[in-house]
J.: 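Shown below is the structure under consideration.
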Amino acid sequence: EDQVTQSPEALRLQEGESSSLNCSYTVSGLRGLFWYRQDPGKGPEFLFTLYSAGEEKEKERLKATLTKKESFLHITAPKPEDSATYLCAVRVSGGFKTIFGAGTRLFVKA
Amino acid sequence: DSGVTQTPKHLITATGQRVTLRCSPRSGDLSVYWYQQSLDQGLQFLIQYYNGEERAKGNILERFSAQQFPDLHSELNLSSLELGDSALYFCASSVGGEGEKLFFGSGTQLSVL
């Protein structure tokens with residue numbers, strides 16, 4: 001069964017304290033891995049797409065990387081406005097489904 | 001603003017009732033996806049339509065149904081509602097039908113009392 005697992009469930013950081021979020025996946029065939037950001041009461045907002053192992057994407061303080069079994073979202077020198085839930089999703093081959101992980105809730109304190 | 005419009009924003013109803021959630025995709029997007037988000041289940045894929053046709057089905061209950069109209073807007077119908085159906089329902093759209101980059105609406109919060 002296709003599965004996406006994110007860790008940790010929640011992460012509390014001080015402003016400027018860099019860290020990483022993990023997304024591990026078990027799928028029959030990966031057609032793309034996505035990162036989304038979700039603020040309370042809002043819909044997820046697209047951040048990155050990664051397609052193959054070794055690929056990296058960056059946007060401001062965020063950097064996403066991909067291996068054959070997992071992806072990391074690195075947050076460098078976070079600010080309070082980076083506080084949100086970060087969702088990982090995979091698109092699987094053999095169908096047209098995008099499966100989401102449960103997310104990591106990030107809290108950044110000033 | 002993602003460009004995806006969902007109505008209503010909030011819906012309060014009773015068990016056994018039927019409701020309809022509406023979604024207008026971004027201009028030019030042919031695919032519409034419906035997701036259910038609850039605290040204990042996360043974001044669960046329900047169903048996808050592409051240019052009016054059903055494309056993929058996820059964990060959608062038989063009491064739920066959806067359709068996409070010629071103008072590409074979509075409706076999700078939930079019937080015989082139960083307490084456990086209370087959740088945030090999101091609609092998303094994309095240009096193609098391959099589940100690539102999704103643009104989400106702000107959701108409909110359904111409360112079944």
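First the proteins, then the strands, lettered A, B, ... as listed; each starts at 1.
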J.: Side chain, backbone, both or neither: which part of K9(B) has a non-hydrogen atom closer than 4.5 Å to chain A?
T.: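 Neither part.
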
J.: Please tell me whether F46(A) and F104(B) are part of a single hydrophobic cluster in this structure, the criterion being side-chain heavy atoms less than 4.5 Å apart.
T.: yes

J.: Inspect the surroundings of CD1 in I12(B) and state if more than 12 heavy atoms from other residues, nucleotides or ligands are less than 6.0 Å away.
T.: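 Not more than 12 within 6.0 Å, no.
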
J.: Take a 6.0 Å sphere around CD of Q14(A) and say whether it holds more than 12 heavy atoms from other residues, nucleotides or ligands.
T.: yes

J.: From T85(A) OG1 over to Q37(B) CD, what is the distance, rounded to the nearest 0.5 angstrom?
T.: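 Nearest 0.5 Å value for the OG1-CD distance: 8.0 Å.
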
J.: Take a 6.0 Å sphere around NZ of K42(A) and say whether it holds more than 12 heavy atoms from other residues, nucleotides or ligands.
T.: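 Open: at most 12 neighbouring heavy atoms sit under 6.0 Å from NZ of K42(A).
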
J.: Is a donor on one side and an acceptor on the other found under 3.5 Å between the side chain of Y33(B) and the backbone of T98(A)?
T.: no

J.: Would W34(B) end up clustered with F103(B) when hydrophobic side chains under 4.5 Å apart are linked, directly or stepwise?
T.: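 Per the 4.5 Å side-chain linkage, W34(B) and F103(B) are not co-clustered.
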
J.: Answer with side chain, backbone, both or neither: which region of Y35(B) has an atom nearer than 4.5 Å to a non-hydrogen atom of chain A?
T.: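 Contact with chain A is through the side chain of Y35(B) alone.
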
J.: If you draw a 6.0 Å radius around CZ in R26(B), do more than 12 non-hydrogen atoms from other residues or ligands fall strictly inside?
T.: yes

J.: Any side-chain heavy-atom pair from L102(B) and Y36(A) closer than 4.5 angstrom?
T.: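 In contact.
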
J.: Using heavy-atom distances under 4.5 Å, tell me whether Q38(A) contacts chain B through its side chain, its backbone, both, or neither.
T.: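 Interface part for Q38(A): side chain.
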
J.: With only heavy atoms counted, which part of Q44(B) is less than 4.5 Å from chain A, the side chain, the backbone, both or neither?
T.: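 Neither part.
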
